[in-house]
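Take a look at the structure below.
Chain naming here is simple, since letters A, B, ... match the order of the sequence lines and numbering starts at 1 in each.
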Protein chains: 6
Amino acid sequence: MKVVVSVGGSVLAPNLEPDRIGEYARVIETLDEAGHEIGIVVGGGPTAREYITTARDLGANEIELDQLGIAVTRLNSRLLIAALGEAAAPAPVESYDEGRAALRRGDVPVMGGTVAGQTTDAVSAALAEHVGADLLVYATSVPGVFSADPNEDDDAERYEEIAAGELVDLIAGIEMNAGSNAPVDLLAAKIIERAGLRSIVLDGTDPTAVRRAVETGEHDGTDVVP
Amino acid sequence: MKVVVSVGGSVLAPNLEPDRIGEYARVIETLDEAGHEIGIVVGGGPTAREYITTARDLGANEIELDQLGIAVTRLNSRLLIAALGEAAAPAPVESYDEGRAALRRGDVPVMGGTVAGQTTDAVSAALAEHVGADLLVYATSVPGVFSADPNEDDDAERYEEIAAGELVDLIAGIEMNAGSNAPVDLLAAKIIERAGLRSIVLDGTDPTAVRRAVETGEHDGTDVVP
Amino acid sequence: MKVVVSVGGSVLAPNLEPDRIGEYARVIETLDEAGHEIGIVVGGGPTAREYITTARDLGANEIELDQLGIAVTRLNSRLLIAALGEAAAPAPVESYDEGRAALRRGDVPVMGGTVAGQTTDAVSAALAEHVGADLLVYATSVPGVFSADPNEDDDAERYEEIAAGELVDLIAGIEMNAGSNAPVDLLAAKIIERAGLRSIVLDGTDPTAVRRAVETGEHDGTDVVP
Amino acid sequence: MKVVVSVGGSVLAPNLEPDRIGEYARVIETLDEAGHEIGIVVGGGPTAREYITTARDLGANEIELDQLGIAVTRLNSRLLIAALGEAAAPAPVESYDEGRAALRRGDVPVMGGTVAGQTTDAVSAALAEHVGADLLVYATSVPGVFSADPNEDDDAERYEEIAAGELVDLIAGIEMNAGSNAPVDLLAAKIIERAGLRSIVLDGTDPTAVRRAVETGEHDGTDVVP
Amino acid sequence: MKVVVSVGGSVLAPNLEPDRIGEYARVIETLDEAGHEIGIVVGGGPTAREYITTARDLGANEIELDQLGIAVTRLNSRLLIAALGEAAAPAPVESYDEGRAALRRGDVPVMGGTVAGQTTDAVSAALAEHVGADLLVYATSVPGVFSADPNEDDDAERYEEIAAGELVDLIAGIEMNAGSNAPVDLLAAKIIERAGLRSIVLDGTDPTAVRRAVETGEHDGTDVVP
Amino acid sequence: MKVVVSVGGSVLAPNLEPDRIGEYARVIETLDEAGHEIGIVVGGGPTAREYITTARDLGANEIELDQLGIAVTRLNSRLLIAALGEAAAPAPVESYDEGRAALRRGDVPVMGGTVAGQTTDAVSAALAEHVGADLLVYATSVPGVFSADPNEDDDAERYEEIAAGELVDLIAGIEMNAGSNAPVDLLAAKIIERAGLRSIVLDGTDPTAVRRAVETGEHDGTDVVP
């Protein structure tokens, strides 16, 4: 199966400790060795937030902040590449074509952000679309797609399954209300919808959840169905 | 004044005739010589649409279609560069940093698209934000921002002025309803809002309208106010 | 067999309709699957001519016109890449070394122009020389090499076979007389001669003619013999 | 005066707080406005150390660790660029030629590391040599060159002045004893010697010390004399 | 006046001695300081020939030989750049757009070859066309354009003046006869003709001849007139 | 076995004659075909020295001299690539990641220098570390590591074996005394030590010595043991 896994920065490297990253590497290697084709997109996480906060104080504009964030996603990618060793393409992948080429020659591409104005949520969906992935997994810090922000609303309920079109509507609504957190951003949701990508949003704090989802389709998150 | 002008592909080169492009070049040169700093972002227009239609028939995915569209925006950029001669940076600009560097050394950067998933509407707003533009002008094929799609609804009214936040809401609403045309896309509107960019959306079929808007602030389109 | 096929822009995409491109893709896939190593060079065709005409009107110099033409050859390459899907290198190839590397790892390289002052005729011959091709096929809009321009001279006769040295002389003579069309340009002919490349010039409007020529050596065009 | 300033990562961004970076930006702007030509090289500091520690745990080799460190120096460069605004070249400079070109056109180049196996100490000296700098300032976390490691040896004395040749010998001796800290590394010292670069090593925790050293030649560190 | 000077490799560096290169640098600096805009294209000369001979023996194809030759033209360019110091763009220029950009910002671009299949004769003419040069000077090892090869035919006469069209015919004739040396190659001559470039072919063994030709129009070579 | 071979420029191309290069190519092909993974790093040799001497006379700084030297290492790389044909990556490799990627896909990477301030000695060690080589062979113009410079001291004795730490000390001592030649430079020795690289320094004038060393571990040079 061809799978793109989007690993949030706070999920991969909550405090830069090697354990979580090593566990992700083992999951990816296991899937790779089992014959799956795996592409990874890594987020920025806490390091990105720290740099962005400082740069904003120093008067950086939002484009410069995005550029900082992208640079951190590539730093984080290098950590995962180091842990993957020979399985991974040796340098962070910077374009969709490069990601596709790596996958085709049997390497695991590890990709960060691409350009200001585009999150790694959207990069993940675009990479999945470009390589014709069978499955896109978002390993995030929330355990799925909810009817409301679970941190703010006790009645928030997790969807076991949601249609891609509904996901777009839900997120468009969330993005209207600044301050709320969407599980993936609107551009990502739109790409998922248009590409008919089978997707899963799950809690990535346990990397083996990703492995189980790929191998068995079972998980405790949300299925986004085309 | 530092100004970014976004020229839609159908506005710049509706049928690849040189007249319109030449008129745009003259407007830009006039503004440049008057001491304004001008950056240009060019869209894809009819050529992009033709290539995209054919590629879709051939089984291209949306990322590949975007890549084709971006390649055409750079082709169109070369036409404008040829017409601008010594005033322009000699090759199409491909990143925000490059655009900012060109502007700083006194050249007119002419930029097309950047990466799949990002329109030239959004590129224009991002470039304007990155260079700290005083004004962003969208020279489009519709004469401003309307309460509804003027091609479909006779009661559609043009806003003389609209707040950036309202623009975001309006476009979010439009994008919900597939098939309707927004004057600029949602990401562009959000960048305009967050950056507090003074913007004008106007009918670009007459290039001198751009010149008048920059020189006098007068125009028949819509002011987007921060 | 290692083969470079040069597909003229007017042959591949006379009016950007997908059918012809799709047929070429099928021919290439068939040859690829049969174990042949195939490299493709694509020309600019009508879109290049339109952009060049407009740019010339706008005062572009010939180097800028060539740059536009090259950009269009890469656009056209993307169409063929989209149609080829997994068989092709995912982005247009821009150098001879890249083309050779793609071929070696089993991908079909699709290449356009390289630099101002060099046509895709010459690029095709140079790529063929660099990869050590067994055969170079020019799929053009004229059905072979003629003793005179068949559009202007009723007595023009098609050569079934011509020695590479004679081809050089013939084309040198044609290029002396502006306005006449050579089947390939002089630099291409010289490379064919010096490299001792077995070449075929044939009518490419029927893509299966290319397949037949590669598979059986039979065709209705002209054999250029070393 | 043409000056290259090497700002250690722990000096520029000990904990990523914006104050120190902002002060450095003001010092650079002041010198720039006073007509000095300033080039900056930025180190990796604590963020680099954190990433390197984690990556080493994950099995990265030293080349990969250096690559991580270089990526962080460029992140840090972006912070300083954001604070410098229009005075700086808009993106981190990655080669000596680029640094020289930026300086020549009146921009402040901000550079990080270049390639594995070369520290920013050495990059600073090489940039200074390449641009023909009149002065090279190392703004470090130790207040000069000492006869021994001041953190380990109470009798360590600071040199007010040291010849470049002696500096090379001193550092060669220090590098023999693993665990000891040299104020600059051996390659840097050798470049300083061969290029006859007037250099100052000073405590960079107070950025105005750099300004005073450039403007008056006075400082509380060590003069390295050619 | 805007001038492109093409300096043959055997003229610039007949045996890699610094004197000739230094004299060329002084001539260029003098012209630069006098307000002329100067672009330089440098050939490969004896070093290129040695490498090419060896590589041919080792089985290199002609494309690889051209690549070697191009690499040597860039080596030679670096020698001239070193001698020019601050007047020159700091690295060899590799594209026509880059050369034009350097000239515009007041640097002397020093360029070598571009791509296999294109000589530095042709590169010089193309650069001259692209920057809109008023004059193109070929500083070669023969003292002008002759009616026949002066080394082989005692009756060979030097043209004081020749029309560009006649030059094309003359060179086409020469290229027919392998072994004969043309003063510039056919592509160069064709670009000169189409661009209407005023050109001079002169003996470059005395660099001051180039200076005199630019400053006074006087020389002992051949004027190629549009 | 994974092996990096560092071939000094004077060893590979003492006077640019093809024989030695051809012999090296045959040795590499033989090892490649026997299943070893081979990476090559090539030095600058006499051509580099000539260019550097001339450029120094012309006032080049040491960074520019290094850049010239690096350019020559890539020229020499192209000679070896030509001789290797299909076994080698088609263009000189310019980064450690690229070298690793080439090796992984089964090509022989041929690499020259990387950046000013870093010799090909150090590049060889760094590449060996980055690819996880089992063996690093320095094919040099001296037959091993000596207790003193064998050209100056008759009592100089060759080490059959030396510990990496001792090698570092030995070379540090040699580098103190300008004018003396070290078999490899200090940075290279340090990388060998830290990476625990099994290394051999041997006389490369007979290329088959490299083959014997790889195949049997036997040689007449010096073993550097981790």
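- Remark: C:Asp66 engages no residue in a salt bridge (charged side-chain N to carboxylate O under 4.0 Å, His left out) (not counting sequence neighbours).
- Identified by a heavy-atom distance below 4.5 Å to chain E, the contributing residues of residues 125-138 of chain C are C:Ala126, C:Glu129, C:His130, in residue-number order.
- At most 12 non-hydrogen atoms from other residues, nucleotides or ligands lie less than 6.0 angstrom from CD of C:Glu157.
- Atom-to-atom distance recorded for C:Arg100:CZ and E:Asn61:CG is 6.0 Å, nearest 0.5 angstrom.
- Put simply, of C:Leu187, C:Asp97, C:Ile191, C:Val123, the one with the most heavy-atom pairs under 4.5 Å next to chain E is C:Asp97.
- Contact tally against chain C (heavy-atom pairs below 4.5 Å) for E:Glu62, E:Gln67, E:Glu64: the top residue is E:Glu62.
- Using a 4.5 Å cut-off between heavy atoms, E:Ala116 contacts chain C through both its backbone and its side chain.
- Residue C:Gln118 holds its CD atom at 7.5 Å from OG1 of E:Thr114, rounded to the nearest 0.5 Å.
- The local environment of CZ in C:Arg74 is crowded, with over 12 non-hydrogen atoms from other residues, nucleotides or ligands closer than 6.0 Å.
- Summarising the local packing, CD of E:Glu160 is surrounded by 12 or fewer heavy atoms from other residues, nucleotides or ligands at distances under 6.0 Å.
- Contact of the E:Leu186 side chain with the C:Leu186 side chain is registered, since non-hydrogen atoms from C-beta on lie closer than 4.5 Å.
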